[in-house]
Every structure is written in structure tokens, then in C-alpha cells.
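Report on the following structure.
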Protein chains: 2
Amino acid sequence: MDAAEIRQFLEGSGLRCTPQRFAVMAFLTEHNRHATAAEIFEAVNRVDPRSSRATTYNNLRDLVQAGLVREVAVEGRGARFEAIGVPHHHFVCDHCGNVEDLEWYDVPKPAGGSLGKRVVRECELIFRGLCSNCAQRSASG
Amino acid sequence: MDAAEIRQFLEGSGLRCTPQRFAVMAFLTEHNRHATAAEIFEAVNRVDPRSSRATTYNNLRDLVQAGLVREVAVEGRGARFEAIGVPHHHFVCDHCGNVEDLEWYDVPKPAGGSLGKRVVRECELIFRGLCSNCAQRSASG
DNA sequence: GAAGTTTTTAGACTATATCTAATCTGAGAT
DNA sequence: ATCTCAGATTAGATATAGTCTAAAAACTTC
Ligand SMILES: [Mn+2]
Ligand SMILES: [Mn+2]
Ligand SMILES: [Zn+2]
Ligand SMILES: [Zn+2]
């Protein structure tokens with residue numbers, strides 16, 4: 001995604017394309033690695049213009065509300081964010097904590113009736129275990 | 001699960017059955033509601049013996065390591081815990097944040113090859129949307 | 001370019017979790 | 001029964017994550 005597209009995305013969602021907001025969105029589209037707010041704050045502050053911590057949090061909140069960014073549900077201390085792109089599932093490594101993308105495939109919904117009156121908007125599938133690196137290391141260790 | 005069973009579970013996992021640790025485990029087995037550490041701390045301190053905050057966190061960590069308790073992956077501030085019982089999936093309400101259990105059913109694994117060298121230990125399926133209460137309220141509102 | 005709105009900012013504040021070092025407890029050894 | 005000592009608990013300090021405030025800056029509209 002290039003700069004013009006990011007600008008269009010933001011303005012199409014009713015958000016001004018400020019340099020700070022653009023920087024957050026650009027970082028998330030360039031680096032698909034489920035970054036924490038702290039990592040994003042640090043990354044956007046390595047380039048001008050700088051962004052305060054509050055603004056980084058504010059912009060992440062705005063981008064999530066606008067549906068351009070998703071907060072990934074993982075246990076642990078800091079929330080993690082990713083730009084919404086193609087649908088996919090997640091793999092979380094027990095050992096190193098890395099969150100990796102898995103190719104999307106359809107997941108069966110719960111059997112009729114067991115949902116009751118609930119209204120489903122989306123589903124998220126998370127696998128846990130050892131990532132490639134950690135699996136190899138523990139096999140050879 | 002009664003007191004004797006909890007004691008057996010703890011000792012079978014190499015954990016002493018201290019009053020504080022027992023109280024955490026008993027609360028989680030009695031109340032299946034994905035409690036935060038703060039809620040657990042408060043609950044075990046409504047009955048004797050009392051437990052410090054550090055001990056509540058220590059015991060939750062020990063119980064998770066021993067495989068008797070699971071930290072549920074949800075976005076938001078505080079980690080949530082549940083006693084490991086029968087397998088199930090989760091439903092998280094967009095509006096009120098409640099985490100509810102859904103009946104278990106098998107989820108297809110990723111297609112061969114797309115996992116690479118990763119080793120899968122478990123999978124978790126999370127649905128999001130409106131819970132029964134919030135769905136009714138928003139329909140009639 | 002004046003007026004009004006949104007955004008940014010530094011730093012205070014709140015919430016959540018971990019660490020530290022002293023003390024206590026209890027199960028096995030004697 | 002008493003000793004012993006690893007394991008457990010404690011209060012409080014510290015660390016980390018996130019939110020709030022009030023003032024200034026940036027932008028939009030007139
Ligand atoms: Mn992802
Ligand atoms: Mn559950
Ligand atoms: Zn790993
Ligand atoms: Zn609800």
C-alpha cells in the first residue's frame with residue numbers, strides 16, 4: 001500500500017490525514033508483525049515528524065474504530081495491532097511469544113441453537129504451540 | 001469439583017495445597033466466569049484466610065504453569081483466567097465485554113504444508129458480536 | 001485572517017503486574 | 001516432639017501499560 005492509498009483510506013473513514021496518524025498507518029501496513037503500542041510509538045519516532053505517546057494511543061484507537069486496524073487478542077501485557085488486510089488466522093508461539101499469520105480458511109459456525117440470541121460479527125482462530133524456530137531449537141537441544 | 005479433588009489436583013502437579021492456593025483454585029472451579037486477577041484477589045479475600053496481591057498473582061502463575069488454569073486470550077486491560085475443564089470455545093461481546101463459553105466442536109486444522117515446521121498444541125476459537133442481552137437491548141432500543 | 005474544530009503535546013494520573021527482602025509454614029528427617 | 005529448610009506468603013516498592021488534562025498548534029470554513 002502506497003502513501004496515496006493510505007491517505008485515501010484515512011480520509012474515506014472521516015479521519016484527517018495528519019503526519020502522525022499517517023505514520024502509524026504506514027508503519028502497520030509496511031511491517032506486518034503484530035506490533036505493540038510501544039513498538040509503534042518507538043518506530044514512528046525514528047522518523048520525522050515525531051509523535052507523542054498520547055497521540056500514538058489516540059491514533060491507534062481512532063484507526064481501530066474506523067475499521068482500518070485490528071487489535072489482536074493475545075494473552076500477555078501489551079495490546080498488539082495490525083492493519084486489516086486479507087483475512088487470516090493466527091499462530092502464537094508458546095516459547096518466544098511471536099504471533100504469526102496463517103492462511104485463511106473457513107471455520108464452521110457453532111451448531112444451530114447453541115448460539116442462542118447472540119449475533120456473530122466475526123470469528124478468530126488462534127493456534128498455539130512452537131513456531132518453526134523454537135520447534136527446531138527444542139528438537140536439536 | 002469438591003475440596004478433596006482440588007487438593008489432589010494441586011498435589012498431583014507438585015504444588016503444595018496452601019490455603020491461599022486452594023482458595024484461588026476453588027474460586028475458579030466454582031465460578032466459571034473468566035475472572036480477572038483483581039476479581040480473584042477480591043473474592044478470595046472475602047473468606048479467610050486472606051491472601052496478598054503478590055500471592056494471588058504467584059498462584060495464578062503457578063496454576064497456569066501446572067496446566068490447571070488457563071489464561072484466556074482477550075483484548076483489553078486485565079488478563080482473565082479460568083479453570084481448565086471440558087474443552088470449549090469463546091464468545092466475546094463487543095458491547096459489554098462479557099466472555100461466554102460455547103460448546104466445543106472440532107475445528108479443521110490448517111491445510112497440510114501451510115503449518116510448515118510449527119508444532120500445534122491447541123487451538124482456540126473466539127467469536128465476537130453481541131451477547132443475548134446486548135442484542136435484545138440494541139434491537140428494542 | 002477570524003472563528004471554530006480537530007489534533008497534538010507533556011506530563012500527571014490510573015490500572016495492571018512484578019520484584020524484593022523479610023518472614024512464615026509445614027512435611028520429612030532425626 | 002523438635003529441627004530444618006525449601007517452598008510459600010507478605011507489604012510495599014517498582015515497573016509497565018494505558019488514559020486523562022489543559023494548553024498550544026494545525027487545519028477548515030467562512
Ligand atoms: Mn495477523
Ligand atoms: Mn471459558
Ligand atoms: Zn517461537
Ligand atoms: Zn453484551
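First the proteins, then the strands, lettered A, B, ... as listed; each starts at 1.
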Spacing between A:Glu75 atom CD and D:dT16 atom C1', to the nearest angstrom: 18 Å

Sugar-phosphate, base or nothing in reach of A:Ala38, heavy atoms under 4.0 Å: nothing

Comparing B:Tyr57 and A:Leu15 on DNA chain C - which has the more 5′ nearest nucleotide: A:Leu15

Between C1' of C:dA10 and CZ of A:Arg50, the distance in whole Å: 14 Å

Touch class at under 4.0 angstrom, heavy-atom based, for A:Arg61 against every strand present: nothing

Test item: B:Met25 and B:Glu5 side chains (from C-beta on) under 4.5 Å apart, heavy atoms: no

Closest nucleotide among C:dA12, C:dA10, C:dA17 to the A:Arg53 side chain: C:dA12

Distance in angstrom units between A:Leu60 CG and C:dT7 C1', rounded: 15 Å

Hphob cluster co-occupancy, B:Val92 + B:Phe81, side-chain heavy atoms under 4.5 angstrom: no

A:Glu124 side chain near A:His89 side chain, heavy-atom distance below 4.5 Å: no

Length of the CG-P vector between B:Asn45 and D:dA11, whole Å: 9 Å

Nearest-Å distance for atom pair CG/P, residues A:Asn59 and D:dT19: 13 Å

Per A:Ser51 side chain, nearest of listed nucleotides C:dT9, D:dA8, D:dT10: C:dT9

Between C:dT7 (P) and A:Met25 (CE): distance, integer Å: 16 Å

Nearest-nucleotide comparison on DNA chain C, the residue closer to the 5′ end among B:Asn58 and A:Gln20: A:Gln20

Sugar-phosphate only, base, or nothing, as touched by A:Thr36 at under 4.0 Å among non-hydrogen atoms: nothing

Gap between atoms CZ and C1', on A:Arg21 and D:dC27 respectively (whole Å): 12 Å

A:His90 side chain near A:Asp101 side chain, heavy-atom distance below 4.5 Å: yes

Nucleotide of D:dC27, C:dA17, C:dT9 approaching A:Ala54 most closely (side-chain heavy atoms): C:dT9

Closest listed nucleotide, where the reference is the side chain of A:Arg77 and the choices are C:dT9, C:dA17, D:dG7: C:dA17

salt_bridge(A:Arg118, B:Glu100) N-O dist < 4.0 Å: yes

Sugar-phosphate only, base, or nothing, as touched by B:Thr55 at under 4.0 Å among non-hydrogen atoms: base

Nucleotide C:dT16, atom C1' - distance to CZ of B:Phe41 in whole Å: 13 Å

Under 4.0 angstrom between A:Thr18 side-chain N/O and C:dT6 OP1 or OP2: no

Which nucleotide in C:dT9, D:dT28, D:dT10 has an atom nearest any side-chain atom of A:Arg16: D:dT28

